[in-house]
Amino acid sequence: MSGRKYEKGVVNMRWDYREMQKEILPGRETQDWLWEEIEKKAATENRKSVILPWFKAAASVAAAVLVLVVLFPQTSWAEQITGFLKEFFYMDADVEQSIVPNVYEDEGKYGHVRMQIGELLSDGACVYFNICYEATDADGEKWLAEQEFDGENIRFVNINNEEAKSSGCEWELREQEELATEKARYFTFYYRDVSGNFYLKDTARTLFYPMYNSQGIGKIDITTNLDTVSYRLEGEGSPSRYYEPRYLVVSKLSYAVLGKDKGISIKYIDKDGVLQYQMSKGFEEELDQRWEDGRKYGMETVFIMQDGSRLDASVGNGMGGDPIGVPEVDYVVTSGCFNNDEDDWRKNATLKDPEAVAALELDGIHYDLVKEEITE
């Protein structure tokens, strides 16, 4: 058999191995190392025989799998994932390398309980982090067992409006009850600014949270190495005659389509001399029609990659907002995260490569994309 057939066999085997990786192997670095070792081993064998090297490589895979089964005898790799990765992302989310560890710790005014933010992930618009409350003595255990936690007593806040740069936000707190012990409770926190701005990157945000007989207040450093990419939209037409989509800003986690108001709002001065905005009658009627047409959960947004693959944006992202620092733009057409399963809206997908977006579809209107730096 020829060397070319041997290489083809290796490629086919690699595809099968990649499929197996998704089910049982723990961690991208370990997976890649394992495969590299297999390929190195196969490359050094005598290529006069196809069958022998193939079986040697397969035996290496089997041996590695046996080791992993010994190391993780009770649960699959999927069950090893905890925190916000499990709660908010699909299992193939490629963001582990961007998670920031050891973010924040506080024992409060009176002690007894320690609050820790162990991991954080952000692109400047979305923020995810894991919270652990750990009792340090019996009094702390009693408080921890009785304390109620929700999205009102753990939340970002603005103090003296010093960080009020957004026109809206959404957040959610989820408890991982399956991890709870007498001494510890675990939570995941999600926050997203819906204004189309990515201004949270490398800033600090004030967090309120309960502590033993006191109110915890701390500055959380939102550090990220996830970059955003901006594009100019090229195409004719618009989903609405009341706005014109012009730019896309996108990261692995989220996106915003920014545009120009063409009659959405009516500006007026109220009795106190304050400039106010009111939605125009025509745009209200258009939104009513969208509702009747079954598009009430937001604009249908599809990302088309350079390889032809498509990724849907998550539904439920309303329009509006006030972009900051972007020239010739005064309206957020739509913004949100990514989703590849309409039946599981609680999970997000990730955009593997924001640099590889070729086109965008908004309610069926096609736009080609040209990379262009637009933010200050």
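Index from 1, following the sequence. Hydrogens, waters and symmetry mates are skipped; everything else that's a heavy atom, side chains included, is used.
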* Is a donor on one side and an acceptor on the other found under 3.5 Å between the side chain of Arg205 and the backbone of Phe156? -> no
* Report the relative orientation of the aromatic rings in Phe84 and Tyr128; use parallel for angles under 30°, tilted for 30 to 60°, perpendicular for over 60°. => tilted
* side-chain hydrogen bond (donor to acceptor under 3.5 Å, both in side chains) against Asn130, all qualifying residues, sequence neighbours excluded -> Glu119
* Taking Gln176 for its side chain and Thr188 for its backbone only, find out whether a donor-acceptor pair lies under 3.5 Å. => no
* Backbone N/O of Asp139 and side chain of Asp137: donor-acceptor pair under 3.5 Å -> yes
* To do: Return yes when atom CD of Glu148 has more than 12 non-hydrogen atoms of other residues, nucleotides or ligands closer than 6.0 Å, and no otherwise.
  => no
* Asked: Would you call Asp94 and Lys352 a salt bridge, using N to O less than 4.0 angstrom?
  -> no
* Asked: Is any side-chain heavy atom of Asp353 closer than 4.5 Å to a side-chain heavy atom of Gln306?
  -> no
* To do: For the pair Arg246 (side chain) and Val329 (backbone), establish whether a donor and an acceptor sit closer than 3.5 Å, ignoring hydrogens and angles.
  => no
* Is there a donor-acceptor pair closer than 3.5 Å between any side-chain N or O of Trp171 and the backbone N or O of Gly151? -> yes
* From OG1 (Thr350) to CG (Leu226), nearest 0.5 Å -> 10.0 Å
* Asked: Does a salt bridge link Asp106 with Arg114, judged by any charged N lying under 4.0 Å from a carboxylate O?
  -> no
* To do: Using the side chain to side chain contact (heavy atoms under 4.5 Å, CB included) rule, take Tyr367 and Tyr231 through it: C-alpha gap first, then chi angles, then the decisive distance, then the call.
  => CA-CA 11 Å; Tyr367 299 92; Tyr231 297 90; over 6 Å; no
* To do: Evaluate the criterion side chain to side chain contact (heavy atoms under 4.5 Å, CB included) for residue pair Leu207 and Met115; output intermediate values, then yes/no.
  => CA-CA 12 Å; Leu207 186 75; Met115 179 270 207; 4.0 Å; yes
* To do: Look up atom OG in Ser240 and atom CG in Leu287, then write down how far apart they are to the nearest 0.5 Å.
  => 8.0 Å
* Asked: When rounded to the nearest 0.5 angstrom, what is the spacing between CG in Leu360 and CD1 in Ile304?
  -> 7.5 Å
* Salt-bridge test for Lys183 and Glu141: reply yes if a basic N is under 4.0 Å from a carboxylate O, no otherwise. => yes
* Asked: Is any side-chain heavy atom of Tyr104 less than 4.5 Å from a side-chain heavy atom of Leu120?
  -> no
* Asked: Between Glu107 and Thr136, does any side-chain donor sit less than 3.5 Å from a side-chain acceptor?
  -> no
* Structure fact -> Distance col, row Thr181:OG1 vs Leu144:CG, nearest 0.5 angstrom, shows 8.0 Å
* Can you check whether Tyr212's main-chain N or O pairs, donor with acceptor, with Ser214's side chain at less than 3.5 Å? -> yes
* **Test of ring centre spacing under 6.0 Å for Phe129 and Tyr191** => no
* **Pairwise side-chain contact, Leu85 with Val95, heavy-atom cut-off 4.5 Å (strictly under)** => yes
* To do: May I ask you to decide if Asp227's main-chain N or O and Ser251's side chain share a donor-acceptor pair within less than 3.5 Å?
  => no
* Asked: Does Gly263 offer a backbone N or O that forms a donor-acceptor pair with the side chain of Ser280 under 3.5 Å?
  -> yes
* Residue from Tyr209, Tyr133, Tyr186 passing ring pair (Phe, Tyr, Trp, His ring centres under 6.0 Å) with Phe149 -> Tyr133
* Asked: Thr223 and Asp221: side-chain donor and acceptor closer than 3.5 Å?
  -> no
* Structure fact -> So SG of Cys132 and CD1 of Ile117: to nearest 0.5 Å the spacing works out to 11.0 Å
* Asked: When you look at CD of Glu178, are more than 12 heavy atoms from neighbouring residues, nucleotides or ligands closer to it than 6.0 Å?
  -> yes
* Asked: Is Val357 close to Val229 at the side-chain level, that is, under 4.5 Å between some pair of heavy atoms?
  -> no
* To do: Side-chain contact test, heavy atoms from C-beta onward, threshold under 4.5 Å: evaluate it for Leu121 versus Ser98 and give yes or no.
  => yes
* **Under the side-chain hydrogen bond (donor to acceptor under 3.5 Å, both in side chains) test, residues paired with Arg232 that sit two or more places apart** => Glu234, Glu372
* For the residue pair Lys371 and Ser230, confirm or rule out a side-chain donor-acceptor distance under 3.5 Å. => no
* Over 12 foreign heavy atoms within 6.0 Å of CD, Glu182 -> no
* Okay, side chain of Ser238, backbone of Tyr243: is any donor-acceptor separation there less than 3.5 Å? -> yes
* No-hydrogen, no-angle side-chain donor-acceptor test under 3.5 Å, Ser254 and Asp123 -> yes
* same_hphob_cluster(Tyr110, Trp143) at 4.5 Å side-chain heavy-atom cutoff -> yes
* Side-chain H-bond candidate by donor/acceptor type, Glu170 with Tyr190, under 3.5 Å -> yes
* **Backbone of Glu300 reached by a side-chain donor or acceptor of Asp363 within 3.5 Å** => yes
* **Between CD1 on residue Ile131 and CZ on residue Phe189, distance to nearest 0.5 Å** => 7.0 Å
